[in-house]
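Worksheet: one structure, shown below.
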4 protein chains.
Amino acid sequence: MSGKARVRARRMPRAERERQMLDAAVRVIGRHGYQAASMDEIAEAAGVSKPLVYLYLHSKEALFTACVEREARTLIAAISEAVGQRDPADGQLWSGLLAFFRYADERADGWRVLHVQARTHGEPFARLADTMRARVLGFVTALLTSAARAADGTRDLGEHELTGLAHALVGAAESLATRAADDPALTPTASARTLMDFAWTGLGGLVAGERWS
Amino acid sequence: MSGKARVRARRMPRAERERQMLDAAVRVIGRHGYQAASMDEIAEAAGVSKPLVYLYLHSKEALFTACVEREARTLIAAISEAVGQRDPADGQLWSGLLAFFRYADERADGWRVLHVQARTHGEPFARLADTMRARVLGFVTALLTSAARAADGTRDLGEHELTGLAHALVGAAESLATRAADDPALTPTASARTLMDFAWTGLGGLVAGERWS
Amino acid sequence: MSGKARVRARRMPRAERERQMLDAAVRVIGRHGYQAASMDEIAEAAGVSKPLVYLYLHSKEALFTACVEREARTLIAAISEAVGQRDPADGQLWSGLLAFFRYADERADGWRVLHVQARTHGEPFARLADTMRARVLGFVTALLTSAARAADGTRDLGEHELTGLAHALVGAAESLATRAADDPALTPTASARTLMDFAWTGLGGLVAGERWS
Amino acid sequence: MSGKARVRARRMPRAERERQMLDAAVRVIGRHGYQAASMDEIAEAAGVSKPLVYLYLHSKEALFTACVEREARTLIAAISEAVGQRDPADGQLWSGLLAFFRYADERADGWRVLHVQARTHGEPFARLADTMRARVLGFVTALLTSAARAADGTRDLGEHELTGLAHALVGAAESLATRAADDPALTPTASARTLMDFAWTGLGGLVAGERWS
DNA sequence: GATGAATGAGCTTTCATTCAT
DNA sequence: AATGAATGAAAGCTCATTCAT
């Protein structure tokens, strides 16, 4: 017989059960994808029966939304806590990058749910993910701006240019984080260092007036 | 009856029919996702009956594989053709970036199939996409290496560092390309310029021995 | 949160609770139908938890049976009380009709449970409804018989004919009662008068020997 | 093993299969009721697989609607054809009643679908049934009106009174038809005669000015 | 007397896939 | 070369019912 070792899940307050269900859902959806993840599988992974999942989370969509929201909150919180508000801009950027790569490392399924699944399955979810990304982007742009101002440059960077940089940086970070899931050499620290060196020297050069064009 | 004016497309050589089917599949899968795309919809979009799709492409998986392979070939070919083998390294990088952003712009569905769908639906497809990505990555690494060597730097970059850079660069490019689909201001040229400026000055700084750490 | 101000109704003697539950069940079943009425909805309408409903009424079938029985008893009682045993036959018929139409008007949900739901959901319930109907039918037949005898007719009506008449009369009454639920012009008095005029002149004619055949 | 003697239903043009499915659906729904009838059971009764039912009839609601529409059309057609337009009013009424009782006798399940199920399951269906009933009612009212006019009465019947009569007559007919399903003595002819005698003498009396009040 | 927590069973619906022509 | 007819298998969701407190 395959599986089904579940021995009648013990009674448990609702809040705790819900957390279990979200954990299971993130795990299953992160690995198999939203569509491929069946409610049966999620329920089994949570150690409960399907009706209970529906009783608490109401529908597959609602369950997915709850997952995305929780992971977005968790990631934003991790970054926010890591970034000391009084540090200089470069220190803040470093801490933020490190916190981000650590989240993606420790909660690989959560990161996949956020970065891959939420973006791939239509309006309600994509918007949630976009909102979170926009917050990160704004944060990074602000840091870059203040860093550029602090630097004793010969040329001011336009807002447009700074936004472009922030986009590129965030994109690179996302890509590295995703790649890191398959490559054990890419530790959170290593990823953060690679990006930080690159971003910092790049920014320095741009402020100094260098361009390729 | 509404619509369905399709006039039972007449007999047609197999190769051409297959191309039609792949076009339809890329369109439908790119828009709705692999799982959400039904063979019914693909067959209808291709203007043929479902059994014909099965006769030629055998299964949904095989059809998807064919799509991914074709788009990967197309993208690699576009980049290869754009990059003149005799140009200096920076010129080659620029041309390659431009070709990439143009592909993603002109074949938005194809790009989504390659970058989003293939990565999201398990082994057989993810490997295909990774193979293609590895080729692009190798190519970029080589360019960066030769550019770094050409620059009159005070410090040689290790292979490890160069690979990290290439990863970040490719990641940023992918991210920008995806973002560009929703933002008309992000033309292929603009995207390429943003990245090129950043990469070039960054590389220059690194070669000059600058680091953040 | 919307509504749900129910303040966990306090302890209460069993008989009263049961009545509440039956009231709720008749209301819900009368409106949505037996199958569509969920035990959840009934429990909520009764202001108690589902297990309590099961504790007192045992199952959905038993609950429905109890509803049908109570409504049947109520209707029979209303008619019996209205009909004075010593009045002449026509007066009794009139009072009975009026009582019937009043019941159907005041307890519309109960009437629907009896006339529509009980007949539509298989043996155990249909038999209950039929039993009640048979009692009404017997009563009407008796009235018509005694009225026919009292009339100074040229021709005696056979039992068969009288039964047919009773059937038609009861059927017409049921139909009018159901129709009255949607048509405010059909007051109990109006319905009773329509039927009484028709029945009385019809009976008179038949006794006088008239036939269409 | 229980049932499943179906030996792979032979291929068949769509129209014919659809008819089979409607036959099966009317049979199953007429016997078990709309809610209790499962698509599985209907498909099996039709001798096909469930997906085919969905392919042709789209949903349970649509299937039910199709049943109700077909039965309504059939009943109206049966009555219309039976009633010779040039006969006198009483002859027309007789023929119509006979046709009605024959329909209810020969297509008992269809009659139940129309009279019981359609009325019991909410708006979309109830409206269909009401529309059909209204047509019958209008027809009967017209006949009664012309018959009353033809009779050499001392008193004209008001429109209101005639409508009430028609309602009662139709209601009695419906009730008799339903009752006839369980009582073999109630042949179509017997039912029609009972009603015709009653209606005719009643109408005669009313026209002659008799009332109970 | 009363309830929050939990489930087995079943329903409607959809989809990839094949058969017969 | 091409298709109308048909299905096995599974997915999302709901419901009557019970357990433990």
Side-chain angles (χ1 to χ4, degrees), chain A residues 6 8-14 16-17 35-43 47-63, chain B residues 8-14 16-17 35-43 47-56 58-63, chain C residues 8-14 16-17 35-43 47-56 58-63, chain D residues 6 8-14 16-17 35-43 47-63:
Chain A
R6 176 150 67 82
R8 177 60 74 123
R10 283 337 203 117
R11 292 194 152 223
M12 189 174 291
R14 173 167 180 158
E16 192 174 348
R17 266 276 185 268
Q35 303 257 16
S38 78
M39 293 299 270
D40 266 303
E41 196 181 354
I42 292 173
V48 297
S49 71
K50 222 184 345 174
L52 198 58
V53 179
Y54 277 91
L55 192 60
Y56 287 174
L57 277 317
H58 309 112
S59 75
K60 198 184 183 185
E61 268 203 39
L63 169 57
Chain B
R8 207 31 69 204
R10 273 304 162 197
R11 283 156 176 261
M12 183 176 295
R14 172 158 182 164
E16 192 174 349
R17 267 275 187 264
Q35 302 258 13
S38 78
M39 294 297 271
D40 266 302
E41 196 181 353
I42 292 173
V48 297
S49 72
K50 231 182 338 174
L52 197 57
V53 178
Y54 276 89
L55 190 62
Y56 286 176
H58 312 109
S59 78
K60 199 184 182 185
E61 268 202 39
L63 169 58
Chain C
R8 209 26 77 199
R10 277 302 163 197
R11 282 155 174 263
M12 183 176 295
R14 171 159 182 164
E16 193 174 347
R17 266 274 187 266
Q35 303 259 12
S38 77
M39 294 298 271
D40 266 302
E41 195 181 353
I42 292 172
V48 297
S49 72
K50 232 183 335 174
L52 198 58
V53 179
Y54 277 89
L55 189 62
Y56 286 174
H58 310 108
S59 76
K60 197 183 183 186
E61 268 203 41
L63 169 57
Chain D
R6 175 151 68 83
R8 177 62 73 125
R10 281 339 200 120
R11 292 191 152 227
M12 189 175 291
R14 173 165 181 160
E16 191 173 349
R17 260 283 136 73
Q35 303 256 18
S38 78
M39 293 298 271
D40 265 304
E41 197 180 353
I42 292 173
V48 296
S49 71
K50 226 183 340 174
L52 198 58
V53 179
Y54 276 90
L55 190 60
Y56 287 174
L57 278 318
H58 310 112
S59 77
K60 199 182 182 186
E61 268 203 40
L63 169 58

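Within every chain, numbering begins at 1; the chains are lettered A, B, ... in the order of the sequence lines, protein sequences first and strands thereafter.
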Exercise for the section: Can you tell me the distance, in whole Å, between the OH atom of Tyr56(B) and the C1' atom of dT17(E)? Expected result: 18 Å
Fill in the blank from the handout: Taking for Pro13(D) and for Pro13(B) the nucleotide of DNA chain F with the nearest heavy atom, the one nearer the 5' end belongs to Pro13(B)
Practice task
Among dC15(E), dT3(E), dT12(E), find the nucleotide with the atom closest to the side chain of Ser38(B).
Solution key: dC15(E)
Problem - From dT7(E), dA16(E), dG4(E), nucleotide with atom closest to Pro51(A) side chain - result: dT7(E)
Exercise for the section: For the side chain of Met39(C), starting at C-beta, report the closest nucleotide among dA2(E), dT17(F), dT18(F). Expected result: dT17(F)
Completion exercise
In whole angstroms, the gap separating C1' of dA6(F) from CD of Glu16(D) amounts to 15 Å
Completion exercise
When rounded to the nearest 0.5 Å, the distance separating CZ of Arg17(D) from CZ of Arg11(D) is 10.0 Å
Handout entry: dA20(F) pairs with, by Watson-Crick or G-U criteria that keep both distances under 3.5 Å
Key = dT3(E)
Problem - Nearest heavy-atom neighbours spanning Ser49(C) and Ala43(C) - result: C-CB, 4.1 Å
Problem - Single hit among Leu55(B), Ile42(B), Val53(B) for side chain to side chain contact (heavy atoms under 4.5 Å, CB included) with Val48(B) - result: Val53(B)
Exercise for the section: May I have the distance from Glu61(D) (atom CD) to dT12(E) (atom P), rounded to whole angstrom? Expected result: 12 Å
Practice task
Kindly compute the distance separating CZ (Arg14(A)) from CG (Leu52(A)), expressed to the nearest 0.5 Å.
Solution key: 8.5 Å
Practice task
Quick one: pull up OH in Tyr54(D) and NZ in Lys60(D) and give me the separation to the nearest 0.5 Å.
Solution key: 8.0 Å
Exercise for the section: Provide, to the nearest angstrom, the distance between the OH atom belonging to Tyr54(C) and the P atom belonging to dA16(F). Expected result: 6 Å
Completion exercise
Separation of dA2(F) atom C1' from Leu52(B) atom CG, nearest Å, is 6 Å
Problem - Heavy-atom donor-acceptor pair, Lys50(B) side-chain to dT17(E) base, under 3.5 Å - result: yes
Practice task
Rounded to the nearest angstrom, tell me the gap between atom NZ in Lys60(B) and atom P in dT18(E).
Solution key: 15 Å
Problem - Selection from dA5(E), dA16(F), dA2(F) that lies nearest to any side-chain heavy atom of Arg17(B) - result: dA2(F)
Handout entry: Residue whose nearest DNA chain E nucleotide is more 5′ - Ala36(D) or Leu55(A)
Key = Leu55(A)
Handout entry: Rounded distance in Å - CG (Asp40(B)) to C1' (dT13(E))
Key = 14 Å
Exercise for the section: Report which part of the nucleic acid Arg14(B) touches: base, sugar-phosphate, or nothing (heavy-atom distance under 4.0 Å, all strands). Expected result: nothing
Fill in the blank from the handout: Rounded to whole Å, CD1 of Ile42(C) lies from P of dT17(F) at a distance of 11 Å
Fill in the blank from the handout: Testing dA2(F), dA20(E), dT7(E) for proximity to the side chain of Met12(B), the answer is dA2(F)
